[in-house]
Structures are given as C-alpha cells and as structure tokens.
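Okay, so here's the structure we're looking at.
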Amino acid sequence: MAAAPTIPVPLTNFITVNNHRYFANHPTIQLIDHCSNADHLKQIHAQMLRAGLFFDPFSASKLIHSSVFTEFSSLHYAHKVFDQIPHPNLYSWNVLIRAYASSPQPINCISMFIRLLHEGREKPNKFTYPFVIKASAKLADLQLGKGIHGMVIKEGFSSDLFVSNCLIHLYAECRCLDMSARVFSSMPQRDVVSWNSMINGLAQNDCVDEALEFFRRMEREGVNPNDVTMVGVLSACGKKLDLKFGRWLHSYIEKNGITLSLILGIMDAITVQQA
DNA sequence: ATCACACGGG
C-alpha cells in the first residue's frame, strides 16, 4: 500500500477556537462547508490526503464533522475517515462518539470512548461525558453507567449541569431511581431538565405519586415547568386514573401558556378519556 | 466547534 503523499501546506493564517490556534484558511478546507453530495465529500477527502491536511487536526476535524452530520454520508464512512487521521483532536473524537451515541448501536460509542482513553492525547471533557452517558442509558447498563459515573467524579465533572442531568436519566433508565434522586439532590444547581428527568423517570417506572410530588416541589421552588414536564406529569396522572387532577392539569397547561405540542395534546386527551 | 429531558394506541 502506497503511503499518502505529505506535501507541506503553507499554513499562515490562523483562527482561534477555545484558545487554540488553528489553520483553517486552506481552500480545500473551505470547500467542506459547501459540499453538496457524497462524491464531492470524497473528492475533498482525496485532496486533503494529497495535501497532507490530515496532519492538521483542525482540518481533519472539519471533514469528520461533515462526514457525520451531512445526510448524504454514513457513520461507517466517517469512522473510516477518522481512522486515517494521524492525531485526531478531542473535537474529532467527540463528533464520532456523539454520532454513535444516537445511532442504533450505542455500544460503538462505548468502544470509541475506551479507544479515546487509551489512544487519545487529550482526556475526555465535559462534552464527551453526556454522549457516553446517553449511550449507557440506551444500553440500560447499570454496571457501565456506574463506572462512567465514577470517572465523572474522578475527573471533576460531577457538578456539571449537563453531565448530572444525563446521570439522572441514566439511572432512571436502569430503574435505579434512588441513584437518580441521589444525583439530583447532590447538584449545586438544577434547571428544568433536571426536574423533567426526575419526573419522567419516576412516571415511567410507575412511581406515580413520587412523580407528582416532584412536580409539586418544582412548583414550590419556583421552577417553570415546560411541555416536557407536562408529558411526565400527565403520564403519571393517566396511570393514577385521576380525572380531577387531570382536568386541573389541563387548565394549568392553558393558564401557564405551555406549548401544546402534538404529543402533549394527545396525552392530555388520553388522560381525560381514561379517567 | 460539540452536550441533557417526552407520549399511547393502532
């Protein structure tokens, strides 16, 4: 197999992202954003190989991003591109880890994460963990989740709002609601997603009264519920067959101007019907 | 330059 030619590129202009300086002025790299089909993307890929641009981690990450996020490309292709990058930066790792987390094979997200731990020049950051936790949640793998949680604590991300919200959801998916509650109560600050994750987790695990209790607590603490909150609360209410409370929720939704998305409308109708 | 939460019955 012939080695890719590595013609040095005159890299004179920089852009600054996250306090790092990158070369991003190469005409081939600028083409990436205007690429309109898979063949075009492959041509850019070929030009990058000829120009040695894969040795610039920022340029390589641009191609990875395009390979993953354009609808004419596939995750398989993106992974092959990734494997050709000599020194992928953390952004490139995260792009692939993220794509696998929302793919039908979340286990590949975990494999990439383990590769990152072994091969990466940078440690996982606050963006990496939410993707990996999401994959563990989809796998409903409690052992794996606990392991990742341990790393989160060790690496100092346990007070990150996004990471904690993911952990609440993860433990709920593993039917481990006492752990969800433990994460929730340890948070230095919470937002509506933290409450939603608790309420929906409880409702899905048939802990109806607890879900409604969290909703009341949320109200007391002055956090404004949104449409996702109401899906969980209505679901709990439907399981409880409580018509009176269902009707109260109905007027509550209208009174508080909560967006009546299609799902919420259907949920609402079902709750009233069931009771 | 990236991150989190949702529905029930056909």
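On a predicted model such as this, the values are computed, not experimentally measured, just so you know. So you know, we letter chains A, B, ... as the sequences are listed, proteins then strands, and number each from 1.
Within the 4.0 angstrom heavy-atom criterion, only backbone atoms of the sugar-phosphate kind lie near A:N200; the bases stay farther away. Contact annotation for A:V95: no contact, since no heavy-atom pair falls under 4.0 Å across all strands. As judged by a 4.0 angstrom heavy-atom cut-off over every strand, A:N125 is placed among the base-contacting residues. Residue contacts shown for A:K126 include a base, since a base heavy atom lies under 4.0 Å away.
For A:S197, whose side chain is taken as the heavy atoms from C-beta onward, the closest listed nucleotide among B:dG8, B:dC5, B:dC3 is B:dC5. Residue A:V193 has its side chain nearest to B:dC5 when only B:dA1, B:dC5, B:dC3 are considered. Picking from B:dA6, B:dA1, B:dC3 the nucleotide with the shortest atom distance to the side chain of A:F127 gives B:dC3. Distances were taken from every side-chain heavy atom of A:R98 (C-beta onward) to each of B:dA6, B:dC5, B:dC3; the shortest belongs to B:dC3. In the set B:dA6, B:dA4, B:dA1, B:dA4 carries the atom at the smallest distance from any side-chain atom of A:K134.
OP1 or OP2 of B:dA6 has not a single side-chain nitrogen or oxygen of A:S261 nearer than 4.0 Å. The side chain of A:Q204 places no N or O atom within less than 4.0 Å of a non-bridging phosphate oxygen (OP1 or OP2) of B:dC5.
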Working note: A:M48 + A:I29, criterion side-chain contact (heavy atoms from CB on, under 4.5 Å); need CA distance, chi angles, decisive distance, verdict. CA-CA 8 Å; A:M48 286 180 67; A:I29 300 308; 3.8 Å; yes

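In this structure, A:I97 atom CD1 and B:dA4 atom C1' are separated by 17 Å, rounded to whole Å. Taking atom CG of residue A:L96 and atom C1' of nucleotide B:dC3, one finds them 16 Å apart after rounding to whole Å. The distance between atom CG of A:D191 and atom C1' of B:dC3, rounded to the nearest whole Å, is 12 Å. Atom CG in A:N205 sits roughly 11 Å away from atom P in B:dC7 (whole-Å rounding). For the pair A:Y100 OH and B:dC3 P, the computed distance is 19 Å after rounding to whole Å. Atom NE2 in A:H250 sits about 20 Å away from atom P in B:dC7, given to the nearest Å. For A:F58 and B:dT2, the CZ to P distance is 11 Å, given to the nearest whole Å. For A:W195 and B:dA6, the CH2 to C1' distance is 18 Å, given to the nearest whole Å.
Evaluation of the salt bridge (Lys or Arg N to Asp or Glu O under 4.0 Å) rule for A:K123 yields A:E155 as partners, not counting sequence neighbours.
Taking the six-membered ring for Trp and the full ring otherwise, the centers of A:Y171 and A:H149 sit less than 6.0 Å from each other.
Cluster membership for A:L170 and A:L139, using ILVMFWY side-chain heavy atoms within less than 4.5 angstrom, is shared.
A:Y91 does not carry A:K62 over the face of its six-membered ring by the limits of under 6.0 Å from the centre and within 45° of the normal.
Near DNA chain B, meaning a heavy atom under 4.0 Å from it, residues 156-176 of chain A has A:F162, A:N165, A:C166, A:H169 in order of number.
Within the model, atoms CZ of A:R98 and CZ of A:F131 stand 5.0 Å from one another, a figure rounded to the nearest 0.5 Å. Atom CZ of A:F82 is separated from atom OG of A:S67 by 12.0 Å, given to the nearest 0.5 angstrom.
Sorted by first and then second residue, the side-chain hydrogen bond (donor to acceptor under 3.5 Å, both in side chains) pairs with a member in residues 254-267 of chain A read A:H250-A:E254; sequence neighbours excluded.
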